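Counting starts at 1 for both ligands and their atoms, following the listed order. Remember, it's a predicted structure, so these values are computed and weren't measured experimentally.
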Amino acid sequence: MAATTTRSRAASTTLLLLLCAAALLASGATAADDNGFTTFKLYFHDIVAGTSSPTAVRIAQAASSNTSSTSFGAVVAIDDPLTTGPTSASGTEIGRAQGTYTFADQKTFGLLMVMNFVFTGGEHNGSTLSIVGRNEVLSDVREMSIVGGSGKFRMARGYVQAHTIDSGATSGETVVQYTVNVKA
Ligand SMILES: *[C@@H]1O[C@H](CO)[C@@H](O)[C@H](O)[C@H]1NC(C)=O
Ligand SMILES: *[C@@H]1O[C@H](CO)[C@@H](O)[C@H](O)[C@H]1NC(C)=O
């Protein structure tokens with residue numbers, strides 16, 4: 001009798017969990033996995049100075065940066081759109097990546113990224129994520145740290161993985177897919 005009760009309690013708990021999961025999926029919300037990580041993708045658009053409305057501008061450099069093969073010493077300020085899809089047609093803007101990147105490596109294109117993802121739409125509207133890390137731009141996947149956040153991301157920890165979709169060599173607009181893995 002006691003065993004039956006325990007079993008039926010377990011069964012109703014399972015049912016409840018399944019119903020909650022179904023409700024989350026139905027609402028389009030991103031659910032946390034077993035380890036508490038929420039994962040989502042967004043697209044970062046770095047539009048360099050020289051185009052009609054740049055979102056990335058060089059704000060400082062060393063006298064030697066122009067002759068460095070890796071632009072070592074240059075610092076760029078960004079206010080880059082973050083969208084749900086890789087092109088303007090396939091996505092809507094849900095925030096901005098604001099901060100700086102420094103050309104910090106004399107041997108390869110290795111950037112030090114210091115930026116906030118500022119969400120202005122979608123599920124995370126009103127919250128921010130603070131990201132710091134090394135971005136070796138010619139590598140397929142670059143991992144950077146989420147060191148904090150605000151709003152629903154207060155006390156956040158985690159990591160992002162950046163993967164270039166379009167280098168921007170012809171368009172002047174670099175598109176990078178960011179997979180965000182965050183625990184808050
Ligand atoms: C570096 O190159 C840019 C663009 O060609 C030029 O405007 C700038 O004056 C140069 N800076 C130095 C320190 O030579
Ligand atoms: C984001 O939140 C702000 C503040 O609550 C609100 O004014 C704005 O309409 C929201 N934007 C979207 C796209 O949901």
Side-chain angles (χ1 to χ4, degrees), residues 16-59 75-102 111-133 135 137 141-168 170-184:
L16 190 63
L17 286 173
L18 285 172
L19 286 172
C20 289
L24 275 173
L25 286 174
S27 72
T30 38
D33 70 8
D34 288 348
N35 299 316
F37 275 104
T38 298
T39 300
F40 56 94
K41 288 186 198 306
L42 45 77
Y43 296 84
F44 168 106
H45 303 260
D46 198 56
I47 305 163
V48 297
T51 60
S52 57
S53 48
T55 63
V57 293
R58 193 177 281 214
I59 53 169
V75 182
V76 175
I78 59 170
D79 179 13
D80 284 348
L82 297 172
T83 61
T84 54
T87 63
S88 46
S90 68
T92 51
E93 184 172 317
I94 50 165
R96 309 290 287 195
Q98 298 175 339
T100 57
Y101 55 79
T102 303
L111 308 181
L112 165 64
M113 308 292 290
V114 180
M115 61 183 172
N116 292 318
F117 281 1
V118 180
F119 294 97
T120 54
E123 202 185 327
H124 312 300
N125 187 13
S127 298
T128 67
L129 284 173
S130 296
I131 295 161
V132 175
N135 185 0
V137 293
V141 179
R142 296 87 69 182
E143 186 170 310
M144 289 163 259
S145 304
I146 293 171
V147 297
S150 68
K152 67 185 286 192
F153 293 130
R154 181 184 293 165
M155 306 290 283
R157 296 304 305 270
Y159 60 98
V160 297
Q161 287 168 310
H163 167 67
T164 302
I165 303 286
D166 182 342
S167 70
T170 50
S171 62
E173 176 176 342
T174 303
V175 181
V176 182
Q177 179 190 68
Y178 272 79
T179 304
V180 177
N181 299 276
V182 63
K183 216 189 265 200

(request) Determine the interplanar angle of the F40 and F119 rings, folded into 0 to 90°, and report it as parallel if under 30°, tilted if 30 to 60°, perpendicular if over 60°. (result) perpendicular
(request) Check whether the side chains of N181 and T39 place a donor and an acceptor atom closer than 3.5 Å, and report yes or no. (result) yes
(request) Check the side chains of S167 and T164 for a donor-acceptor pair under 3.5 angstrom, ignoring hydrogens and angles. (result) no
(message) Can you check atom 4 (C) of ligand 2: any protein non-hydrogen atom closer than 4.0 Å?
(response) no
(message) Can you confirm whether or not the ring centre of F117 sits under 6.0 Å from the ring centre of Y178?
(response) yes
(request) List every atom of ligand 2 that sits less than 4.0 Å from any heavy atom of T120, numbering the atoms from 1 in the order shown and giving each element. (result) 1 (C), 11 (N), 12 (C), 13 (C)
(message) Among all protein heavy atoms in this structure, tell me which lies nearest to atom 11 (N) of ligand 2, with the distance rounded to 0.1 Å.
(response) N125 ND2, 3.0 Å
(message) Under 4.0 Å from atom 7 (O) of ligand 2, is there at least one protein heavy atom?
(response) no
